[in-house]
Amino acid sequence: MRFYSTKDPSKFYSLSEAVLKGLPDDNGLFMPESIPRLNDEFIINLKNYSFTDIAFEVANVFLRDDLSQAVIRKIVEAAINFDAPLIRLDDNKYILELFHGPTLAFKDFGARFMAQLMSYLMHDQQKKITILVATSGDTGSAVANGFFKTAGIDVIILYPSQKVSFLQEKQLTTLGENITALEIQGTFDDCQRMVKSAFLDQDLKSQYNLASANSINIARLIPQTFYYFEAFKQLSNKNDVVFSVPSGNFGNLTAGLIAKKMGLPISHFIASVNSNDVFAKYLASGIYDPHASKQTISNAMDVGNPSNYARILDIYNQNINLIRNDISSYTFNDEQTLAIMKEVYQSNKYILDPHGAVGYLGLSEYQRNNSNTTGVILETAHPAKFIDVVESNPGINVIVPGGLQALSGADKVATVLSNSYEDFKDYLIKRK
């Protein structure tokens, strides 16, 4: 399959170029030449497939022109070796738990798959790859874990100082080996801007073989479609299925849109956002007005200029009315987030993390006028990763998994940099 840039659909790239480059030279985003539609019989009979088999079938339609089925299956089986269980809250609300991977966040699906695919694609290359990744919390740890000790690949993670949780930071900064953490004195948007600028910098490109591991990389989006199919398989009532997606950089939502284009009968999406409400305002007004991100307790969603907005526009041919037909968006503040975490625990004895709580609020808002829908909330991270926030509600006590407990005493190793691109470039040049 070939890929094109959202800024230039006339120029095509190979799978290897799209995955290993991460970004096209024009600073657009890679999209598949076409989104393949799966066989209707496969969709109808999802219940007969294991999660791994579903992942293979979905990946196969994207990769079969470039990789053998044996290689695709090997990549899938190495990457997707944990579950995505669906938890029933009531008759029309379900939670899709996406935190059963090694770093306890949904980013494990994309990062592990990308690590396996990238490792295979570069097996005959002589030059080392350096992956640059900006993170608002969970992406960095998932990428670090997925690429840890991978031969021929270095990972440099940029994260905003004092804007990720304590345990998220420990996951980013304690691995060592081929993983380097940079603590940026700024916001996630600053980190993302610095990474994108590096990809366009000819001085750096002459010295480094750079690749991306954010959701700007198409290899992250393909595996994120898998769990939409897996969720649909587990539903007992498949009428008017809607997904509420806690959204920051909008990669997760974009993957859902791709799954829908592939034939999964999703009725609607809810882009549930915190106080970083650029997309919600866009749907309401038709004006896209990115701005500096605001810090919230759902920090992984603190994005003021979502990269995947460009892909959403591309999927819908720039037509906002078509976007509005498929996506609603609602915004919620920290006070509302904390309140619903308490309410859901009291009524269902279920502990939401702050991001899942925003997703719950978004679904509830949508179902006020669409009560007959079957709603699935994407719970994107284990609540223990945000234990201080979660346990600020009296009566809620989180059991911290053993792996996270061990991290709390590990030594943080990170280099502090300003949010100046020139400082970042200077660091990379001196590192070389």
Side-chain angles (χ1 to χ4, degrees), residues 51-52 78-89 94-113 115 135-149 155 157 159 164-177 179 181 223-224 226-227 230-231 234 246 252 297-301 337-338 341-342 344-345 348-360 377-414:
F51 189 13
T52 304
I80 313 301
N81 54 10
F82 47 92
D83 295 328
L86 194 70
I87 309 299
R88 179 183 177 276
L89 291 183
Y94 293 80
I95 296 282
L96 182 64
E97 292 187 342
L98 299 177
F99 54 71
H100 293 277
T103 71
L104 307 181
F106 81 99
K107 304 293 179 74
D108 284 323
F109 290 94
R112 289 169 62 83
F113 182 90
T135 184
S136 53
D138 288 325
T139 291
S141 56
V143 170
N145 184 276
F147 284 95
F148 185 53
K149 293 185 178 181
V155 178
I157 301 167
Y159 73 96
V164 301
S165 76
F166 172 76
L167 288 175
Q168 282 178 318
E169 185 175 42
K170 289 290 186 177
Q171 287 184 313
L172 300 174
T173 60
T174 57
L175 285 175
E177 298 283 347
I179 310 299
Q224 287 181 245
F226 300 163
Y227 43 74
E230 176 65 12
Q234 296 178 61
N252 219 355
I297 59 172
S298 47
N299 64 279
M301 298 156 61
T337 303
L338 287 168
M341 290 164 68
K342 180 177 181 180
V344 171
Y345 182 73
N348 298 92
K349 291 296 181 281
Y350 190 88
I351 302 176
L352 291 166
D353 94 296
H355 307 80
V358 173
Y360 186 100
I377 301 151
L378 270 56
E379 175 59 296
T380 55
H382 195 289
K385 298 186 78 169
F386 312 94
I387 191 166
D388 291 343
V389 172
V390 175
E391 291 191 345
S392 67
N393 275 312
I396 300 181
N397 296 301
V398 180
I399 298 175
V400 181
L404 277 185
Q405 287 182 2
L407 277 178
S408 62
D411 292 333
K412 163 188 166 182
V413 178

Asks: Would you find a donor on one side and an acceptor on the other, under 3.5 Å apart, between the side chain of D353 and the backbone of G356?
Replies: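 At least one qualifying donor-acceptor pair exists.
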Asks: Distance from S141 atom OG to K385 atom NZ, nearest 0.5 Å?
Replies: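 So the OG of S141 and the NZ of K385 are separated by 4.0 Å.
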Asks: Side-chain contact, heavy-atom cut-off 4.5 Å: V155 with F148?
Replies: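 SC-SC contact between V155 and F148 ruled out.
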Asks: What are the two closest heavy atoms between A357 and M341, and how far apart are they?
Replies: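 Nearest heavy atoms, A357 then M341: CB-CG, 3.4 Å.
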Asks: Do you know which two heavy atoms are closest between Q224 and N252, and how far apart they sit?
Replies: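 Looks like NE2-OD1, 3.3 Å.
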Asks: Under 3.5 Å, side chain of S392 to main-chain N/O of V389, donor-acceptor pair present?
Replies: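 At least one qualifying donor-acceptor pair exists.
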Asks: Between Y227 and F51, does the ring centroid distance fall short of 6.0 Å?
Replies: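 Not close enough - the centres of the two rings lie 6.0 Å or further apart.
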Asks: Quick one: are S298 and F386 in side-chain contact, heavy atoms under 4.5 Å?
Replies: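 A side-chain contact is absent here, since even the closest heavy-atom pair is not under 4.5 Å.
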Asks: If you measure from CD1 on I297 to CG on D388, what distance do you get to the nearest 0.5 Å?
Replies: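 One gets 11.5 Å once the value is rounded to the nearest 0.5 Å.
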Asks: If I take atom CZ from residue F147 and atom CD1 from residue I157, how far apart are they, to the nearest 0.5 angstrom?
Replies: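 Between F147 CZ and I157 CD1, I get 10.5 Å after rounding to 0.5 Å.
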Asks: Any side chain to side chain donor-acceptor pair (under 3.5 Å) pairs touching residues 96-111, not counting sequence neighbours?
Replies: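 Pairs touching residues 96-111 that pass the test: E97-H100, E97-Y350, T103-D108, K107-T139.
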Asks: For residues F106 and L378, determine if any side-chain heavy atom of one lies less than 4.5 Å from a side-chain heavy atom of the other.
Replies: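 No; the side chains remain at least 4.5 Å from each other.
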Asks: Specify the closest pair of heavy atoms between V390 and P383, including all atoms of both residues, with the distance to one decimal.
Replies: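 So the two residues come closest at CG2-O, 3.6 Å.
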Asks: Would you confirm whether R112, through its side chain, and A78, through its main-chain N or O, come within 3.5 Å as a donor-acceptor pair?
Replies: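 Yes.
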Asks: Taking the side chain as C-beta and beyond, is there a heavy-atom pair between I387 and F166 under 4.5 Å?
Replies: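 The answer is no; the side chains never approach within 4.5 Å.
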Asks: Measure from the side-chain N and O atoms of E177 to the backbone N and O of K149, and report whether any donor-acceptor pair falls under 3.5 Å.
Replies: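 No, because the side chain of E177 does not come within donor-acceptor range (under 3.5 Å) of the backbone of K149.
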Asks: At their closest point, which heavy atom of D83 faces which heavy atom of F109, and how far apart are they?
Replies: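 Distance-wise, the nearest heavy atoms are O-CZ, 4.3 Å.
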Asks: May I ask you to check whether over 12 heavy atoms, not counting those of I87, lie within 6.0 Å of atom CD1?
Replies: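 More than 12 heavy atoms, drawn from other residues, nucleotides or ligands, come within 6.0 Å of this atom.
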Asks: Please round to the nearest 0.5 Å and tell me the distance separating atom NZ of K412 and atom CD of Q171.
Replies: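 Between K412 NZ and Q171 CD, I get 14.5 Å after rounding to 0.5 Å.
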Asks: If every non-hydrogen atom of A384 is compared with every non-hydrogen atom of V400, which pair is closest and at what distance?
Replies: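 So the minimum-distance heavy-atom pair works out to CB-CA, 4.1 Å.
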Asks: Closest approach of A231 and L86, non-hydrogen atoms and distance?
Replies: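 It is O-CD2, 3.8 Å.
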Asks: In Å, rounded to the nearest 0.5 Å, how long is the span from OG1 of T337 to NZ of K342?
Replies: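 Taking OG1 in T337 and NZ in K342, the distance rounds to 15.0 Å.
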Asks: To the nearest 0.5 Å, tell me how far T135 OG1 sits from L172 CG.
Replies: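 Going from the OG1 atom of T135 to the CG atom of L172 covers 6.0 Å.
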Asks: Sequence neighbours left out, what passes side-chain hydrogen bond (donor to acceptor under 3.5 Å, both in side chains) with S165? Give chain and number order.
Replies: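 Only Q168 meet the side-chain hydrogen bond (donor to acceptor under 3.5 Å, both in side chains) criterion with S165.
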Asks: Please determine whether side chain to side chain contact (heavy atoms under 4.5 Å, CB included) holds for the pair N393 and L338, giving the CA-CA distance in whole Å, both sets of side-chain angles, and the decisive distance to 0.1 Å.
Replies: CA-CA 7 Å; N393 275 312; L338 287 168; 4.1 Å; yes
Asks: Less than 4.5 Å apart, any side-chain heavy atom of E379 and any of L96?
Replies: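 They are not in contact (no side-chain heavy atoms under 4.5 Å apart), so the answer is no.
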Asks: Going through the checks in order, is the side chain to side chain contact (heavy atoms under 4.5 Å, CB included) test met by Y159 and T173?
Replies: CA-CA 10 Å; Y159 73 96; T173 60; 3.7 Å; yes
Asks: Take the angle between the ring planes of F99 and H382 and call it parallel below 30°, perpendicular above 60°, tilted in between.
Replies: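 Taking H382 first and then F99, their aromatic rings stand perpendicular (interplane angle over 60°).
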Asks: Quick check: do Y94 and I377 have side-chain heavy atoms less than 4.5 Å from each other?
Replies: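 Sidechains of I377 and Y94: no contact.
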